[in-house]
Structure formats: structure tokens, C-alpha cells
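So you know, we letter chains A, B, ... as the sequences are listed, proteins then strands, and number each from 1.
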Amino acid sequence: MGIMRQADLKNIFTHYRESKHLLFNQKEFLTEKHQPSIIHRDHQIQQLARTIAPAVNGEKISNTFIFGTVGTGKTLVARHVTSELAKEAQGVRILYVNCKMKRVSDTEYRLLAELTRELGEAVPPTGLPTDQVYAQFFRLLDSKPQHVILILDEIDNIIKRIGDDVLYSLLRANQDLRQGKLSLIGISNDVTFMDTMDPRVKSSLSEEELIFPPYNAAQLQDILLSRTKEAFQEGVLESGVVAKAAALAAQEHGDARKALDLLRVAGEMAERQGRTKVTIADIDTAEQKLDTDLVVEAVRTQPKQSLAVLAAIVRLAESGQQHFQTGDVFTVYEKLAAGRGLKLLTQRRVSDLINELDMQGVINAKVISKGRYGRTREIKVVLDPPLVEKIKRILADNYFLDSLGRFAE
DNA sequence: GTCAATTCACATGAAAGAGACCACGGTCTAGTG
DNA sequence: CTAGACCGTGGTCTCTTTCATGTGAATTGACGA
């Protein structure tokens with residue numbers, strides 16, 4: 001890393017300021033946070049509004065479940081409708097928790113703590129017995145006549161991690177509350193996960209169900225158009241750009257967020273290159289960039305042991321084998337880790353790490369049975385070469401490769 | 001040739017331990033009146 | 001006498017190990033035609 005002179009730095013900033021007005025108008029319109037009018041979801045909005053409407057008269061509402069794949073507007077609709085309700089109804093309080101957020105809610109304690117904090121009381125991040133936090137939460141909830149509507153976004157995440165006991169306790173609590181009321185809106189993109197739940201929870205949780213179908217390409221295009229007017233300057237999008245983004249996102253389960261990301265990234269790239277037009281080709285490169293960025297980020301934030309496993313996998317892939325299995329990875333890992341002075345993990349653990357790498361899309365692992373020759377994961381690296389190079393650089397930074405990109409013994 | 005039993009190489013689950021971090025309540029210490 | 005420093009206890013969190021059980025189809029071996 002060289003020393004950057006102040007003048008250079010200044011150049012970057014001023015250049016950025018000039019180019020900022022080149023393409024974008026208000027880029028925020030391409031992000032999820034910015035909430036414009038919601039289109040193509042009238043039916044769902046009405047349905048949800050009808051089920052939570054009784055809250056206006058202080059009545060308890062049915063616990064509701066919302067299903068739909070990513071980027072179909074579940075969160076947007078839920079937040080919009082509930083906040084409108086809160087304006088109309090006295091004593092209604094909306095709590096929104098995204099269960100996907102690590103550090104916020106991947107244990108029972110943390111979920112409860114987060115809820116309590118949302119209600120306005122501090123809870124230490126650890127140290128207290130869980131039932132004490134329960135008590136605190138319910139005391140707060142019952143401290144005045146109020147109707148708390150709890151939105152648990154990506155609820156399947158937390159159920160998979162810590163089981164459905166939490167929900168059971170939360171739902172059952174209503175019977176003990178004197179003044180407060182608690183209703184639940186669960187949002188999930190996994191339709192099947194309901195089957196794994198305790199029947200009692202299942203029946204009381206999904207008194208009402210809403211389905212959000214994926215957007216089709218035409219709908220996605222409408223959504224994009226409604227935002228590009230504000231987001232981009234006039235005439236910077238070549239014809240067909242929006243349609244292309246919509247089409248690509250439609251292939252991926254009608255994900256509106258992805259469509260917006262495509263446009264934004266395409267715009268950013270064109271802008272950085274000093275161009276005044278966003279082309280269809282930009283959308284294609286944007287898609288690649290989105291994918292690789294995700295993987296690179298995943299690899300970068302991987303802990304040491306996991307990197308060691310990844311290094312073993314990359315090494316096996318480099319040695320020319322198309323695919324290999326857990327046992328192969330483990331033996332190579334052992335050598336690599338021993339060389340680095342790392343503590344050796346058991347194969348049980350390595351197996352889990354391989355699985356995690358697969359889930360993050362860094363590698364490709366599939367459980368197959370080879371009959372007499374056992375049952376194992378078939379592991380592959382299916383990333384394109386430039387991305388593999390990036391990964392190798394990260395591995396090198398962590399001393400799993402030497403500076404020439406070779407695997408050290 | 002057919003069919004069930006066998007067998008491999010792990011996958012997958014459950015429980016529990018190690019070590020870090022933290023809150024809380026009690027005790028000790030030093031500074032103050 | 002009191003505020004703050006300093007324990008000890010008991011709690012959670014993450015990562016990991018240990019022990020146990022599950023699994024899908026290629027292979028094997030018994031069987032009957």
C-alpha cells in the first residue's frame with residue numbers, strides 16, 4: 001500500500017461529486033429501504049388490512065402467517081399496513097424483528113432481549129437467566145393497556161435454530177396478560193418449514209395465511225419503472241435495460257430486490273467508467289458482480305478453520321480432480337492445518353464446515369451414495385476462474401498460500 | 001437371473017465441555033465528614 | 001459512613017468434541033428356474 005497524496009484523494013472526491021450527477025438522480029430509490037408506493041400487491045395489502053383491522057377497536061387480531069419467496073414484497077407490505085394501522089388505532093404498538101440478523105436473534109435469549117429493547121427497556125447482551133428476560137418482557141407488555149403486534153421476519157430462521165418453544169411461550173402468554181395483548185405476524189420464505197413445528201403452535205400461529213406469489217417479468221418491469229424515474233436522470237437508461245433487469249430477476253423467482261440491485265449496480269459501474277448511458281451489457285456484468293461480491297464477502301468473513309478447509313478444497317480442485325469427497329478434504333486439511341499450527345478439528349466438525357461453505361455458495365457439495373463405496377458429500381468448485389483467483393488471494397492473505405499462489409506445505 | 005442382506009464412508013443428531021464474556025450481589029478498601 | 005474496587009457465583013454464547021444412530025445403493029451371496 002503506497003502513500004496517497006492529499007491531492008489524489010481530493011481528486012477522487014471531486015471526481016465523485018461531478019460524476020454523481022452524471023447518471024443518478026436519487027439513488028435511494030433503488031434501495032429496499034426507500035418505500036414508495038407498493039404496486040401489484042393490492043390484493044395482499046387488502047387481505048392483511050382486513051385481518052388486522054379489528055385492532056382499531058381494541059380487539060385482538062388473528063395470528064397471521066405470510067409466505068412468499070425472497071423479494072416478493074412481504075416485508076414491505078407487512079410494515080406498511082401495520083404502520084398505517086398504528087396511525088389509526090389507539091394503543092397499538094408494532095414490534096418488528098428480523099430473525100435473520102445474526103447477533104440479534106439466533107438464540108432464545110437474544111430474541112427476547114431484542115423484543116424487550118424494542119419495548120423500551122435496556123437488556124444486557126448476556127449474563128441474565130433467560131426466564132428473567134421473559135419476565136421482564138411480559139411485565140413491560142402488561143404494564144399498560146396496549147396491543148403489541150409482533151412481526152417476526154424470516155421467522156423460519158429462528159425456528160430452525162432454536163425450535164418453536166419460544167413461539168409457544170409467547171402465544172400462550174396472552175392468557176396471563178391482564179392489560180396487554182400480543183399478536184403475531186410471521187413472515188417466512190420457506191413454505192415447508194411449518195410442517196416441522198409443533199401442531200399446537202402451528203394451529204394457533206397460522207389462524208390466517210397470506211401467500212405472496214413471485215412477480216412476473218411484466219410486474220417487475222412496472223416496479224422498476226416506477227422507481228427509475230426518480231432514481232436516474234432522464235434518458236440515461238438505454239432502451240431495453242429495464243426489461244432486461246426485469247427478465248433476469250424474473251428468472252430468479254421474481255425477486256424484486258434483485259431487480260433493483262441489478263439496476264443500481266449497473267448504474268454504478270457505468271458511472272465509475274464515466275459513461276453517460278447504462279447499457280444492456282451493464283446489466284449482465286452487474287449480475288456477475290452481484291454474485292461474485294456475495295461469495296468474496298462470504299469468504300472474507302470466514303474464520304480461520306473454515307478457511308483452512310476451503311484451502312484444502314481449492315487445493316484439491318487445483319490438482320485436477322473434478323470432484324472429491326469429505327474424507328479427501330479432511331486429509332488435506334489435516335496437513336494444511338498442522339503446517340499452520342492450527343488446532344486440528346475432528347472430521348465431524350470439518351463435515352459441518354464443508355456444509356456451511358456450500359450453503360454460502362462458495363463451493364458445491366451434494367450428498368450422494370456410492371453404494372458399496374459409501375455415502376459422502378461430492379464436493380466441487382464451480383466458480384469461474386477470476387473469482388477463484390480472488391479467493392486464492394484471500395487464502396494467501398491468511399497464509400494458506402504463499403505469495404506466488406502456491407500451497408505451502 | 002432375482003432378491004434380500006451386507007457393507008462402506010460418511011451424514012446427521014444429541015449432548016455436553018471448554019473458555020470467553022457478562023450481571024448481580026456481597027465484601028473490602030480508601031477517602032470523606 | 002459511603003462510593004468505588006474487587007471478588008465469587010451463576011448465567012449465556014460460540015465453537016468444538018464425543019457418542020450414537022442413520023442411510024442409499026453397489027455388491028455379494030443364497031436361491032430357484
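Here A/T130 reaches the OP1 or OP2 of C/dT12: one of its side-chain N or O atoms lies under 4.0 Å away. A close approach under 4.0 Å does occur between a side-chain nitrogen or oxygen of A/S351 and OP1 or OP2 of B/dA11. Of the side-chain N and O atoms in A/S369, none sit less than 4.0 angstrom from OP1 or OP2 of C/dT23. In this model, the phosphate group of C/dG11 is not approached by any side-chain N or O of A/Y109 to a distance below 4.0 Å at OP1 or OP2. Remark: A/R377 is in phosphate contact with B/dT12, judged by side-chain N or O atoms under 4.0 Å from OP1 or OP2.
Donor-acceptor pairing under 3.5 Å, judged by distance alone, is absent between the side chain of A/R372 and the base of C/dG24.
When distances are taken from the side chain of A/K343 to each of C/dT27, C/dT16, B/dC21, the shortest belongs to C/dT16. The side chain of A/Y373 has C/dA26 as its nearest neighbour among B/dA11, C/dA26, B/dC22. In this structure, of C/dT17, B/dA11, B/dG13, it is B/dG13 that holds the atom nearest to the side chain of A/R348. Across C/dA26, C/dT18, B/dC10, the shortest atom-to-atom separation from the side chain of A/R375 is found for B/dC10. Among the nucleotides B/dT12, C/dT12, B/dC24, the one closest to any side-chain atom of A/L128 is B/dC24. Nearest nucleotide to the A/L345 side chain, out of C/dT16, B/dA23, C/dT27: C/dT16.
One atom, CD of A/E108, and another, P of C/dG11, lie 15 Å apart when rounded to the nearest Å. One can place CD1 of A/I368 at 10 Å from P of C/dA26, the figure rounded to the nearest angstrom. At whole-Å resolution of the value, CD1 in A/I354 and C1' in B/dT12 are 14 Å apart. Atom P of nucleotide B/dC8 and atom CD of A/E378 are separated by 21 Å, given to the nearest angstrom. Taking atom CD of A/Q347 as the reference point, atom P of C/dC19 lies 16 Å away to the nearest angstrom. Atom CD of A/E114 and atom P of C/dC13 are 13 Å apart (whole Å). Atom NZ in A/K370 sits about 14 Å away from atom C1' in B/dA11, given to the nearest Å. Atom CZ in A/R110 sits roughly 14 Å away from atom C1' in C/dG11 (whole-Å rounding).
Here the rule is side chain to side chain donor-acceptor pair (under 3.5 Å) with A/Q325, and of A/K370, A/R377, A/E378 only A/K370 fits it. Put simply, the residue from A/V381, A/I313, A/V388 that forms a side chain to side chain contact (heavy atoms under 4.5 Å, CB included) with A/E318 is A/V388. Partner of A/L95 under the side chain to side chain contact (heavy atoms under 4.5 Å, CB included) criterion, chosen from A/V148, A/I149, A/L184, A/I151: A/V148.
Using a cutoff of 4.0 Å between basic side-chain nitrogens and carboxylate oxygens, A/D153 and A/R79 are not scored as salt-bridged. Ion pair A/D397/A/R393 not flagged as a salt bridge, since none of the NZ, NE, NH1 or NH2 atoms sits closer than 4.0 Å to an Asp/Glu carboxylate oxygen.
Among the atoms of the strands shown, only primed sugar atoms or phosphate atoms (P, OP1, OP2) are found under 4.0 Å from some heavy atom of A/Q305.
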* **A/D261/A/R264 under salt bridge (Lys or Arg N to Asp or Glu O under 4.0 Å): CA gap, chis, key distance, verdict** => CA-CA 5 Å; A/D261 284 344; A/R264 180 176 48 79; 3.1 Å; yes
* Starting from the C-alpha separation in whole Å, work towards a yes-or-no answer on side-chain contact (heavy atoms from CB on, under 4.5 Å) for A/Y109 and A/V123. => CA-CA 10 Å; A/Y109 180 96; A/V123 182; 4.0 Å; yes
* Asked: Are A/E268 and A/K289 close enough, and set up right, to give a salt bridge (Lys or Arg N to Asp or Glu O under 4.0 Å), and what steps lead you there?
  -> CA-CA 11 Å; A/E268 282 168 357; A/K289 183 168 159 43; over 6 Å; no
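Of the residues in residues 324-331 of chain A, those with a non-hydrogen atom less than 4.0 angstrom from any atom of DNA chain B are A/Q325, A/T326, A/G327.
The two residues A/A249 and A/K258 make their nearest non-hydrogen contact at CB-CG, 4.3 Å.
When the local axes at the two ends of the helix from B/dG1-C/dC31 to B/dG31-C/dC1 are compared, using 5 base pairs at each end, they differ in direction by 10° after rounding to 10°.
Looking at which nucleotide of DNA chain C each of A/L344 and A/D131 is closest to, the 5′-most match is held by A/D131.
In this structure A/P145 satisfies the side chain to side chain contact (heavy atoms under 4.5 Å, CB included) test together with A/Q179, sequence neighbours excluded.
At least one cation-pi condition fails for A/R315 and A/Y333: the charged atom is not both under 6.0 angstrom from the six-membered ring centre and inside a 45 degree cone around its axis.
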